Structure formats: structure tokens, C-alpha cells
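Reading through the C-alpha cells given below for one structure.
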Amino acid sequence: MQWNKIKLTFILAFLVLNIYLVFQLFPQEETEQLVLETESQDAVLSTVKGYEELSDEKADTNQQYEATKMRFTEDELDKVPNRDKMDLDISTDTELEAKFKKPQSLPIEFPIDEDDEQAVQNLNGFVSDNVLFGEEYTYWGRQGNKLLFFQKIDQGQTYFGPDSLLLVTINEDYDVTAYKQTYIKDFKKSEETGDLKEYSEKQAVKAMQSQQLIENSDTIEVEKGFYPTIELSSKPNYAPAYKVTVNNTKHYFYLLLPDYPYINPQTESSFLSSLQPETEETQ
């Protein structure tokens with residue numbers, strides 16, 4: 001009888017010990033897994049060209065911005081450079097459409113290397129000479145017969161905003177035949193809600209690498225600007241964003257939203273499709 005009690009005591013003791021060890025083991029395994037994942041990410045990022053040059057400095061990020069759409073009037077049309085060379089239409093008052101009476105030659109030859117700073121400056125110069133507020137638009141790139149320019153405001157560069165866009169049409173000889181323009185003004189912070197969160201360039205890149213959007217030996221460039229968000233009012237809304245370019249071919253926008261950051265890939269073709277589904281292509 002006494003021996004049975006001793007055996008039961010030993011069994012209960014070992015059971016309690018096993019339960020304790022199980023609870024101790026799981027946090028240790030999770031910690032070890034986290035360490036391995038961190039080491040793996042650091043190993044990948046150590047091979048990524050451009051990563052070490054990024055800033056650890058955290059910036060206020062979840063502050064939203066809003067703007068006002070320009071409504072074009074006859075007074076604005078009088079200010080369009082070289083307006084005698086084109087027919088202008090503002091029947092849609094938030095868009096200015098221009099058609100050149102004769103195709104206009106560009107000061108460059110296509111195709112161009114978009115890293116060619118002089119070629120980009122020449123394109124920007126053409127826009128300054130022929131578009132209202134043209135000096136405020138920056139060349140992004142070409143998709144088919146469309147050249148994309150995005151508006152740069154005092155606070156920084158906007159990207160892929162349908163309300164801050166200059167879309168230039170070229171023909172098969174790469175001469176300009178028309179353009180369509182939208183423009184924003186009164187760009188300012190929206191009312192703050194809650195505490196501002198902060199994220200650095202390196203945090204953005206780490207988040208992308210964890211989703212395998214950045215891999216071994218990739219080359220990256222990071223710039224900060226503003227990306228449009230869903231309009232909650234009649235005014236265009238923008239969020240601060242890190243533009244992360246991978247291997248000079250893929251563009252991701254790390255949107256610094258109030259609740260949590262969001263990674264959005266963007267291409268010229270998908271953007272144009274959202275504006276005009278049937279875009280004529282120039283080969």
C-alpha cells in the first residue's frame with residue numbers, strides 16, 4: 001500500500017515536471033526561430049546594394065495630407081506657354097487638354113536611358129516651355145505612346161496621382177501631339193488623429209525583404225514622397241511614402257498610413273489602365 005502511494009507521487013511529480021518543461025521549451029523555440037529569421041534577414045540585406053547608405057532616422061509618417069484640385073478657367077488658359085501652337089479644352093474643368101496644331105519635336109531621341117540626367121532635364125525643359133506650371137512636373141518614364149510626368153509640390157514629389165499628373169502623347173515619330181494635365185494646390189496636413197508613428201528607410205526595406213520583395217544582391221534606391229490614398233472627401237488625399245526602386249525596374253511604395261504601413265507595387269501600365277483602359281501603344 002505504501003509503495004503504491006510512493007509510485008503515484010513519483011508519477012505526479014514527473015507529470016508536473018514534463019508540463020513545466022513543455023512550457024519552457026516553446027518560448028525558447030520561438031526565440032530561437034526569431035533569432036534565426038533575424039540573422040537570415042541580416043545576411044540577405046548585407047548583400048543588397050544601397051542598403052547600408054539608407055537612414056536609420058525615423059520620420060513622422062502617419063500624418064495624412066490633402067489638397068485641392070485646380071479648376072482651370074479662361075484666365076489660366078491665357079497663361080499657357082506657346083498657347084498659339086495648340087488648341088485647348090477645359091470642358092472638364094479639373095483637366096486641361098491640349099492638342100498641338102503641328103506635332104512638336106522633342107529635344108531628345110528615343111529610346112532613352114532614364115538614368116540619363118541630361119535627357120530627363122531636356123524633357124522637363126520641353127514641359128516647362130509648353131505646359132502651364134510646367135516647371136513643377138518631373139519626368140517619370142514612358143509607357144507606349146505616353147510620357148508620364150508627376151507634379152512636385154513644396155513638400156516633395158508626388159507619385160501616380162491622377163490629380164497631379166501630366167500625360168504627354170507622342171506619335172510614331174516620337175513627336176508630341178497632345179497632353180492632358182491635372183494639378184493640385186493648397187497641399188497641407190490633414191487634422192491629426194492619435195499619436196504619430198515613426199518609420200525609417202531601413203525599416204521600410206526590412207519589411208519588404210520579409211515579404212521576399214528584396215533578395216540577395218539586389219540593388220535598391222529609396223526616396224521619400226507622397227502617394228495618393230482613397231479620398232475620404234472631395235479633396236485628393238495623400239500619404240507620405242517611401243518609394244523603393246529594386247534593380248531599377250520595379251517600384252514599390254511603402255505607404256506610411258495611420259494604422260499600419262502598407263506596401264503597394266506600382267507599374268506604369270496598371271496606372272494608365274486605371275485612367276484609360278485602351279491605351280494606344282507605340283513600339
Side-chain angles (χ1 to χ4, degrees), residues 59-72 76 92-98 114 117 120-121 123-128 130-143 146-169 179-192 196 199 201 204 221-246 248 250-258 261-276:
D60 290 343
T61 53
N62 65 327
Q63 174 64 63
Q64 299 295 283
Y65 290 76
E66 65 179 21
T68 301
K69 298 179 184 180
M70 165 71 81
R71 297 192 177 276
F72 297 98
E76 272 78 43
T92 302
D93 65 353
T94 56
E95 292 182 348
L96 191 161
E97 294 190 57
E114 292 175 6
E117 294 183 5
V120 171
Q121 287 179 12
L123 281 172
N124 290 338
F126 175 87
V127 166
S128 296
N130 292 279
V131 176
L132 182 66
F133 312 125
E135 68 280 358
E136 298 180 36
Y137 292 89
T138 303
Y139 178 67
W140 170 271
R142 172 191 165 208
Q143 178 68 30
K146 304 297 181 185
L147 307 181
L148 287 77
F149 296 77
F150 299 133
Q151 185 181 344
K152 187 172 185 178
I153 39 92
D154 290 341
Q155 293 86 343
Q157 180 71 54
T158 67
Y159 298 104
F160 291 97
D163 300 305
S164 53
L165 170 69
L166 175 66
L167 201 58
V168 175
T169 302
Y179 66 79
K180 182 183 292 186
Q181 174 186 10
T182 56
Y183 184 85
I184 56 173
K185 59 182 182 177
D186 302 327
F187 192 86
K188 61 184 180 181
K189 292 181 179 181
S190 305
E191 292 185 8
E192 295 183 9
L196 291 179
Y199 300 92
E201 294 175 347
E221 293 181 5
V222 180
E223 297 177 13
K224 190 175 180 183
F226 297 91
Y227 192 91
T229 59
I230 297 174
E231 292 189 20
L232 302 177
S233 66
S234 60
K235 294 179 176 292
N237 289 268
Y238 291 78
Y242 290 121
K243 176 178 76 74
V244 183
T245 303
V246 181
N248 206 33
K250 295 180 180 179
H251 303 287
Y252 300 92
F253 292 88
Y254 189 79
L255 274 65
L256 305 162
L257 299 173
Y262 175 76
I263 300 172
N264 184 50
Q266 183 60 277
T267 64
E268 295 86 353
S269 59
S270 63
F271 176 65
L272 289 178
S273 294
S274 70
L275 300 174
Q276 43 187 22

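This is a predicted model, so every value here is computed, not measured. Residue numbers count from 1 along this sequence.
Asp186 contributes atom CG, which lies 9.0 Å from atom CE of Met70 (distance to the nearest 0.5 angstrom). One finds the OH atom of Tyr227 at 7.0 Å from the CG atom of Leu255 (value rounded to the nearest 0.5 Å). Interatomic distance, NZ of Lys185 versus CD1 of Ile153, reported as 15.0 Å (0.5 Å rounding). Of the inter-residue distances, the one linking Glu66 atom CD with Lys189 atom NZ reads 13.0 Å to the nearest 0.5 angstrom. Between atom NZ of residue Lys188 and atom OG1 of residue Thr68 there is a gap of 6.5 Å, rounded to the nearest 0.5 Å. Taking OG1 from Thr138 and CD from Gln157, the interatomic distance works out to 4.0 Å, rounded to the nearest 0.5 Å.
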What verdict does the side chain to side chain donor-acceptor pair (under 3.5 Å) test give for Thr158 and Lys152, after you've listed the backbone C-alpha separation in whole Å, the side-chain angles of each residue and the deciding distance to 0.1 Å? CA-CA 6 Å; Thr158 67; Lys152 187 172 185 178; over 6 Å; no
Stepwise, does the side chain to side chain contact (heavy atoms under 4.5 Å, CB included) test hold for Asp154 with Phe187? CA-CA 8 Å; Asp154 290 341; Phe187 192 86; over 6 Å; no
Take His251 and Thr267 through the test side chain to side chain contact (heavy atoms under 4.5 Å, CB included) and record every step on the way to the result. CA-CA 7 Å; His251 303 287; Thr267 64; over 6 Å; no
Is there a side chain to side chain contact (heavy atoms under 4.5 Å, CB included) between Leu275 and Leu165? Walk through the geometry before answering. CA-CA 11 Å; Leu275 300 174; Leu165 170 69; 3.5 Å; yes
Intermediate values then yes/no, side chain to side chain contact (heavy atoms under 4.5 Å, CB included), Gln64 and Leu257: CA-CA 8 Å; Gln64 299 295 283; Leu257 299 173; 4.3 Å; yes
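Side chains of Leu148 and Leu167 form a contact here, defined as non-hydrogen atoms less than 4.5 Å apart.
Of all heavy-atom pairs spanning Pro240 and Lys224, the tightest one is CB-CE, 4.1 Å. Nearest heavy-atom pair across Ser190 and Tyr65 is OG-C, 3.6 Å. Here the closest heavy-atom approach between residue Ser164 and residue Thr182 is recorded as N-OG1, 3.3 Å. Nearest heavy atom pair, residue Thr245 against residue Asn248, reads CG2-CA, 3.6 Å. The two residues Phe72 and Thr94 have their closest heavy-atom pair at CE1-O, 3.6 Å.
By the ring pair (Phe, Tyr, Trp, His ring centres under 6.0 Å) test, Tyr139 pairs with Phe149, sequence neighbours left out. Every residue meeting the salt bridge (Lys or Arg N to Asp or Glu O under 4.0 Å) condition with Asp93, not counting sequence neighbours, appears here in chain and number order: Arg71. Residues passing the ring pair (Phe, Tyr, Trp, His ring centres under 6.0 Å) test with Phe271, sequence neighbours excluded: Phe160. With sequence neighbours left out, Tyr159 forms a ring pair (Phe, Tyr, Trp, His ring centres under 6.0 Å) with Trp140, Phe253. With sequence neighbours left out, Glu201 forms a side-chain contact (heavy atoms from CB on, under 4.5 Å) with Leu54, Ser55, Val222, Tyr242. By the ring pair (Phe, Tyr, Trp, His ring centres under 6.0 Å) test, Tyr254 pairs with no residue at all, sequence neighbours left out.
Residue Leu96 is tested with Tyr179, Phe133, Tyr183 for a side chain to side chain contact (heavy atoms under 4.5 Å, CB included); the sole match is Tyr179.
Of the N and O atoms on the side chains of Thr169 and Lys146, at least one donor lies less than 3.5 Å from an acceptor on the other residue.
Not one N or O on the side chain of Tyr238 forms a donor-acceptor pair closer than 3.5 Å with the backbone of Gly161. The backbone N or O of Leu272 lies less than 3.5 Å from no partner atom in the side chain of Gln143, so there is not a single donor-acceptor pair.
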